[in-house]
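Contents: one structure, followed by commentary.
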Amino acid sequence: DLLWGKPDYEGALLGYRIAACMADRNEHYARAYSDALARLGREEDGFAWLKQRVSRFGSALEGVQTWVSLIAALEDAGYPERALAVAGEALSAQGGSAELLVFLAPFQARMGNWPEAEDLLQRLEQTGNSALFHRASSRFHAMRGELDQALFELFGFQRRSRTRYVDFGI
């Protein structure tokens, strides 16, 4: 970051690449390198870098975040169709992962694919990870403008506990 501010862009790019290679399981460094490439007009190189990480780590249980980084980078750069295609690949490779589903359910909602988002939420709930389910569900309902339900999910209450929700005065 210091080199980027000088500006020594090539030096900064090298630093980002070294950091990403030394901590090859760190998505922050991988994404920082990809984003720096994009800022220098080499966006496709950044996507290729993230795709290479998916090829290398994406099938491993802990490789879910490589998929998330690639999908998020494509979405952030304004390529929703490409992001959706990669999301489909990720779902085929890691469809049982709660960590992937917690990202994909709100992502599909942002893309306007409400039935797909609802299906992913149901799949996430079936994983048994209630914390991730409530997080994704609260985002989903907030995007739909269902703010009462979003708050309900955010606090992790179950439907039968609705009276306690009202008692809190929220």
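We count residues from 1, following the sequence as given.
- Applying the side chain to side chain contact (heavy atoms under 4.5 Å, CB included) criterion to Leu14, with sequence neighbours excluded, gives Ile18.
- When all heavy atoms of Ser137 and Leu121 are compared, the closest pair comes out as N-CD2, 3.6 Å.
- Of the inter-residue distances, the one linking His141 atom NE2 with Met143 atom CE reads 10.5 Å to the nearest 0.5 angstrom.
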Evaluation steps, side chain to side chain contact (heavy atoms under 4.5 Å, CB included), between Met111 and Glu116: CA-CA 10 Å; Met111 298 295 110; Glu116 176 73 14; over 6 Å; no

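- A donor-acceptor pair under 3.5 Å is absent between the side-chain atoms of Ser34 and the main chain of Ala30, judged by distance alone.
- Arg31 and Ala72 make their closest contact through NH1-CB, 3.6 Å (heavy atoms, listed as atom of the first residue, atom of the second, distance).
- Among residues at least two apart or in separate chains, salt bridge (charged side-chain N to carboxylate O under 4.0 Å, His left out) pairs with a member in residues 55-67 are Asp24-Arg56, Arg25-Glu62.
- To the nearest 0.5 Å, atoms CD (Gln94) and OG1 (Thr66) are separated by 8.0 Å.
- In this view, Ser69 and Glu27 satisfy the side chain to side chain donor-acceptor pair (under 3.5 Å) rule, not counting sequence neighbours.
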Review item, side-chain donor-acceptor pairs of residues 95-104, under 3.5 Å, at least two apart:
unit_1	atom_1	unit_2	atom_2	d
Ser97	OG	Glu99	N	3.3
Ser97	OG	Glu99	OE1	3.3
Ser97	OG	Leu100	N	3.2

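- Heavy-atom minimum distance, Leu50 versus Ala73: CD1-CB, 3.5 Å.
- The NE2 atom of His134 sits 10.0 Å away from atom CG of Asn129, with the distance rounded to the nearest 0.5 Å.
- Partners of Asp119 according to the salt bridge (Lys or Arg N to Asp or Glu O under 4.0 Å) rule, which considers only residues two or more places apart in sequence or in another chain, do not exist here.
- Heavy atoms only, all atoms of each residue included: Ala150 and Ala142 are closest at CB-N, 3.6 Å.
- For Thr127 (side chain) and Arg123 (main-chain N/O), no donor-acceptor pair under 3.5 Å exists by modelled atom type.
- Taking the ring-ring contact (aromatic ring centres under 6.0 Å, His included) definition, one finds that Phe140 meets it with Trp114, sequence neighbours left out.
- The distance from the CG atom of Leu13 to the CG atom of Leu37 is 5.0 Å, given to the nearest 0.5 Å.
- Arg144 pairs by the salt bridge (Lys or Arg N to Asp or Glu O under 4.0 Å) definition with Glu118, Glu146, not counting sequence neighbours.
- Linking Ile, Leu, Val, Met, Phe, Trp and Tyr residues whenever their side-chain heavy atoms come within less than 4.5 Å leaves Phe47 and Phe57 in two separate clusters.
- Atom OG of residue Ser138 and atom CD of residue Gln149 lie 10.0 Å apart, to the nearest 0.5 angstrom.
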Full working for side chain to side chain contact (heavy atoms under 4.5 Å, CB included) between Leu91 and Leu120: CA-CA 10 Å; Leu91 204 52; Leu120 293 171; 3.8 Å; yes

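- Among all heavy-atom pairs drawn from Ala117 and Ala109, the shortest one is CB-N, 3.7 Å.
- Taking the side chain to side chain donor-acceptor pair (under 3.5 Å) definition, one finds that Gln108 meets it with Asn113, sequence neighbours left out.
- Pairs engaging residues 23-46 under the ring pair (Phe, Tyr, Trp, His ring centres under 6.0 Å) rule: Tyr33-Trp49 [sequence neighbours left out].
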All N/O donor-acceptor pairs, side-chain side in residues 78-88, below 3.5 Å, sequence neighbours left out:
unit_1	atom_1	unit_2	atom_2	d
Tyr79	OH	Glu43	OE1	2.6
Arg82	NH1	Glu44	OE2	2.9
Arg82	NH2	Glu44	OE1	3.0

